[in-house]
Amino acid sequence: MEYNFKEIEQKWQSYWKKHNTYKTDIKENKEKYYVLDMFPYPSGAGLHVGHPLGYIASDIYSRYKRLKGFNVLHPMGYDAYGLPAEQYAIQTGQHPAITTDKNIERYREQLDKIGFSFDWDREIRTSDPGYYKWTQWTFIKMFESYYCYDEKQARPMTELIECFEQQGSKGLNVACTEELLFTAEEWNTKTEKERREILMNYRMAYLADTMVNWCPQLGTVLANDEVINGLSERGGFPVEQRKMRQWCLRVSAYAQRLLDGLDRIDWTESLKETQRNWIGRSEGAEMKFKVKNSDLELEIFTTRADTVFGVTFMVLAPESDYVCQLTTPEQAEEVAKYLEATKKRTERERQTDKKVTGVFTGSYAANPLSGEEIPVWISDYVLAGYGTGAIMAVPAHDSRDYAFAKHFNLPIIPLIEGCDISNESFDAKEGVMMNSGFLNGLSVPEAIKKAKEYVEEKGIGRIKVNYRLRDAIFSRQRYWGEPFPVYYKDGIPYMLPTESLPLELPEVTKFLPTETGEPPLGNATVWAWDETNKKVVETSKIDNKTIFPLELNTMPGFAGSSAYYLRYMDPHNDKALVDKKVNEYWKNVDLYIGGTEHATGHLIYSRFWNKFLFDLGVICEDEPFKKLINQGMIQGRSNFVYRITNTNKFVSLNLKDQYDTTPLHVDVNIVSNDVLDLDKFKAWRPEFANAEFILEDGKYICGWAVEKMSKSMFNVVNPDDIVENYGADTLRLYEMFLGPLEQSKPWDTNGIDGVNRFLKRLWGLFYDREGNFIVSDDKATAEELKTLHKTIKKVGFDIENFSFNTSVSAFMICVNELVALKCSKREILEPLVVTLASFAPHICEELYHALGYNTSVCNAEFPKYDEKHLVEATKKYPISFNGKVRFTMELPADMSKEEVEKATLADEQTSKYLDGKTIKKIIVVPGKIVNVVF
RNA sequence: GCGGCUGUGGCGUAAUUGGUAGCCGCGCUAGACUUAGGAUCUAGUGCCGAGAGGCGUGGGGGUUCGAGUCCCUUCAGCCGCACCA
């Protein structure tokens, strides 16, 4: 009987569904294990063969853990909000919900075919009101919280208000947008509106006028991680800087905890390093420079407090608030001209074009240590977003300041003995100080320390830690996202009561911004909040007395993906994001598998979001993902045909150099082992119908290259086709067999026959050609047991180490050996089937039942290996001479060192290789090797 | 520029962690069965060499009885960050 994968796979997929085999519940007597995949955005293109790679790996691990007796949570859902569906809606008028549902349905179909052990009862979609209710709920909690640096956690705003009432803002060590100073009396006399404006300065979720990455083509702002080299991540459109009133999340408050947490989680070093870079911690000093003839003080941040004596000028970012305060009337015109010019430059231009530009403000400041008078300039090499937006320039020891000083002819004072600054600055933090008053003679690290202390003592400034990590801009001028549970009274935002959540996304007539430039929600006719009746009503009823306008922005993509792992634990709970007891059982994700592209987006935001929920006391773990593995990308393997220029004639690969040719991509699905199917090629496109060919050995050989898998390269392979032709089990095995999970590698369907043959051969151990079940109850031999047990041992070890490719080859070796031994014994095959079941669940379920079981192999127990079957009586010792292996000798495994040495010397081949030379020494490593040195 | 990762047959890869480099699979070669082969089975297949043998893990150097594995250096590719004061 043939191995009929189609029948088998359908049969068991419906069996699993019918028997709820993958349904998971809390089992207090069992240890939990949580395996999570990064949930997909359901794109219109469907899955290609690269997408399921991580899912297959996590599925194998989940099934394995289950066989090992763990209670495994392994859910799946969809990141359903997103730009592509909305862009499609703008173009076609089709509601994004419809597009999304359709795409999800297709994804589900594709996923189902592969035989995953997901508990689909726990499916979530970020666009589902029952889900985003909790995204909105968390946002409200953020609005109602501030961050206390002393307690190192988020606290309720009510505590802060109490504090203001009693002592004002004095002595507070809390996260804020800007330092505000007011007394309790001042606070207590303020109006409601004034108070709310002040509170905004401290909220975890706050509304602020900030410089944002505005993308005109997408009509929305983007977060920093959504901008790559000055272009939008989605679509690659230019991005410009603009000041806009936006919702922001105070992620920066958590910078230190986000950094510290990295040391306690099992992620790859490269991923942690990326996050460390992104957080960008630097220790330094904040210092005040007095402005001449003014009460103003310029605040700057520096990591090189030791170089203050070398400050010969200061520079402001063009966006800095100081600019207008310091510009003198004489310079006003020039400054205005410069600001205008910089504004025109996009972020991208500013980054790529490193021409030195700048303008003098007309003002001077005083060096706080030397008292020297120094000019204040403006230049766009200073970033508004980092530090204070102003710097002290030390041209001798900073290359950017150096370039600026050279260009504008400003003085350069060297501060380190013996450094050469005639052509470039000396940036290294080493050497001995000079020209630096009380710092002279100290080494740079000593001087940094001493200068910082001095500055603090004299009240010139303070020691400060700065982070590159910015607060996340949380508003998007988009339709297809979570609505903010916010309405406005007199321009002041108020939160909806949490009992009124979810605030559902309204219908709109069109998905573009309104004529007045408001976001698409401005088109909604039912989008106003009735405060008394606590419900959404017609926009036309807005009277700003009891009925108020609702927020028109929506939340960004990372909102819904930040806490989804928690919702899987308790997906249908409408009383809480996750029940406390449930959360205490599942805790956090033990294994998270996904792509590396989320390193600075999702993986930072979800850690932040999670820490906030932890501070609220809603959840019990402060890091969401204990272990994280990045699966490598599956690249495409493209094929080429070579068209002779100006003809419709194609020449085979190895003859192409004799002609003038153009390579053309050809669909890999009509090429087999680099041999082109000529008929399919002619039928592929009308212009090739009359194509002629120059063949070699009667075949047309195509060229090939490894490229990104994409439609335009014609190298996309669809998993559906693989399942159709070879079955899901073969697909699963082959995806793993390709190579190490974390490595990128090209997909080449040609190799798939190997794993398919393996399954057929396995099948052949159970059934003969006539379809007779040939498994016997005979006693297994020592050799057969050894084959089995070494396989169980290796596969178990490999799975624990996520080395799935080597497990697959171990299975192949095992089956090859059993075939050679003609072993069809139950004693061997039964444990083998259970061991393989995580990789190839369908065929194993079939064989498990054929062996007489009527329960699922998913509920079996992973076999234990017994070392006693693995011990060898003899060892084939490689005998090497000066490190070169010459022959092998079979000796008893337990033979002593001395005896092995003796046996080696006694062998006649030894004298042959010695060739009369004297032996200097003999190295014998028992059980390993013999090395004769002469 | 800084940081991280990766370099092994024609291809994807393996190597018990310092101990016989190339396991497993693809491809290829030869053969068997066959009307046929994109089926199946058998044998071979790192390179050079008729052979003995030599050479081989991007290159160079080192440590070691012994290096794909450790150290130094260099090159190439991929990824991340990039005026971060």
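Side chains are part of it too, since the values below use all heavy atoms of this structure and drop only hydrogens, waters and symmetry mates. Keep in mind it's a predicted model, so treat the numbers as computed, not measured. In what follows, every chain begins at residue 1, and chains take the letters A, B, ... in the order their sequences are listed.
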Looking only at atom [atom1], what distance separates [N] and [M], rounded to whole Å?
| N | M | atom1 | result |
| --- | --- | --- | --- |
| B/G62 | B/A50 | C1' | 39 Å |
| B/G77 | B/G59 | C1' | 15 Å |
| B/A82 | B/G60 | P | 38 Å |
| B/U17 | B/G68 | C1' | 12 Å |
| B/G10 | B/C65 | C1' | 36 Å |
| B/G27 | B/U35 | P | 25 Å |
| B/G3 | B/C26 | P | 44 Å |
| B/U57 | B/G9 | P | 10 Å |

If the threshold is 4.0 Å, N to carboxylate O, is there a salt bridge linking [X] and [Y]?
| X | Y | result |
| --- | --- | --- |
| A/Arg637 | A/Glu707 | no |
| A/Lys464 | A/Glu283 | no |
| A/Glu890 | A/Lys876 | no |
| A/Asp266 | A/Lys272 | no |

Tell me the interatomic distance from [X], atom [atom1], to [N], atom [atom2], rounded to whole angstroms.
| X | N | atom1 | atom2 | answer |
| --- | --- | --- | --- | --- |
| A/Lys406 | B/C83 | NZ | P | 24 Å |
| A/Leu469 | B/C81 | CG | C1' | 14 Å |
| A/Ile813 | B/C24 | CD1 | P | 6 Å |
| A/Glu707 | B/G77 | CD | P | 17 Å |
| A/Lys272 | B/C81 | NZ | C1' | 19 Å |
| A/His598 | B/G80 | NE2 | P | 13 Å |
| A/Trp267 | B/G4 | CH2 | P | 19 Å |
| A/Leu383 | B/C84 | CG | P | 8 Å |

### Over all atoms of both residues, closest heavy-atom pair of A/Pro375 and A/Thr312
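Of all heavy-atom pairs spanning A/Pro375 and A/Thr312, the closest is CD-O, 3.4 Å.
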Would you classify [X] as touching base, sugar-phosphate or nothing, given that sugar-phosphate means primed atoms plus P, OP1 and OP2, and contacts are heavy atoms under 4.0 Å?
| X | answer |
| --- | --- |
| A/Val925 | base |
| A/Gln743 | sugar-phosphate |
| A/Lys876 | base |

### Task
Check A/Arg761, A/Lys790, A/Lys786 against A/Glu817 for a salt bridge (charged side-chain N to carboxylate O under 4.0 Å, His left out) and give me the one that passes.
A/Lys790
### A/Ser282 side chain near B/A85 phosphate (N/O to OP1/OP2, under 4.0 Å)
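Indeed, a polar side-chain atom of A/Ser282 lies that close.
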### Query
Can you find a side chain N or O atom of A/Arg637 that sits less than 4.0 Å from OP1 or OP2 on B/G12?
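No, A/Arg637 has no side-chain N/O under 4.0 Å of OP1/OP2 on B/G12.
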### Query
For A/Lys793 and A/Glu867, what are the C-alpha separation, side-chain angles and deciding distance, and is it a salt bridge (Lys or Arg N to Asp or Glu O under 4.0 Å)?
CA-CA 9 Å; A/Lys793 181 181 181 182; A/Glu867 206 67 53; 3.3 Å; yes
### Query
When the nearest nucleotide of RNA chain B is assigned to A/Ile929 and to A/Lys794 on a heavy-atom basis, which residue is associated with the more 5' position?
A/Lys794
### Message
If you assign A/Ser744 and A/Lys928 each to the RNA chain B nucleotide with the nearest heavy atom, which residue ends up on the more 5' nucleotide?
### Response
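Of the two residues, A/Ser744 wins.
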Just compare [options] and give me whichever is closest to any side-chain atom of [X].
| X | options | answer |
| --- | --- | --- |
| A/Arg468 | B/G80, B/A82, B/U20 | B/A82 |
| A/Asn277 | B/C24, B/G80, B/A85 | B/G80 |
| A/Asn805 | B/C81, B/A14, B/A85 | B/A14 |

Under a 3.5 Å cut-off for both distances, is [N] Watson-Crick or wobble paired, and to whom?
| N | value |
| --- | --- |
| B/U29 | B/A43 |
| B/G19 | B/C65 |
| B/U57 | none |
| B/G80 | B/C2 |

### Message
Classify the ring geometry of A/Phe811 against A/Phe758: parallel below 30°, tilted from 30° to 60°, perpendicular beyond 60°.
### Response
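Tilted.
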### Task
Hey, could you give me each pair passing salt bridge (Lys or Arg N to Asp or Glu O under 4.0 Å) that has a residue in residues 301-316 of chain A? Not counting sequence neighbours.
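Counting only pairs at least two positions apart or across chains, the salt bridge (Lys or Arg N to Asp or Glu O under 4.0 Å) contacts touching residues 301-316 of chain A are A/Arg304-A/Asp306.
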### Message
Syn or anti for B/G60, given that syn means the glycosidic angle lies within 90° of 0?
### Response
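That one's anti.
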### Query
Going by a 90° cut-off around 0, is B/U6 syn or anti?
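Because its glycosidic torsion lies more than 90° from 0, B/U6 adopts the anti conformation.
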### Message
Any side-chain to backbone donor/acceptor pair from A/Asn750 onto A/Asn673? Under 3.5 Å, distance only.
### Response
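Flag set: sc A/Asn750 to bb A/Asn673 pair under 3.5 Å.
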### Query
With a 3.5 Å cut-off and just heavy-atom distances, do the side chain of A/Arg400 and the base of B/A85 make a donor-acceptor pair?
yes
### Query
Should the heavy atoms of other residues, nucleotides or ligands under 6.0 Å from NZ of A/Lys449 be counted, would the total exceed 12?
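Incorrect, the count does not exceed 12.
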Are any protein N/O atoms closer than 3.5 Å to N/O atoms in nucleotides 54-64 of chain B? If there are, list each pair with its distance.
| from | atom 1 | to | atom 2 | distance (Å) |
| --- | --- | --- | --- | --- |
| B/G54 | OP2 | A/Arg886 | NH1 | 3.2 |

### Message
Within the 4.0 Å limit for protein heavy atoms, which parts of nucleotides 25-40 of chain B are touched? Write it as a string from 5' to 3', B for base, S for sugar-phosphate only, - for none.
### Response
SSS------------S
### Task
Go through A/Thr806 and A/Asp798 one step at a time and tell me if the side-chain hydrogen bond (donor to acceptor under 3.5 Å, both in side chains) criterion holds.
CA-CA 7 Å; A/Thr806 52; A/Asp798 285 351; 2.8 Å; yes
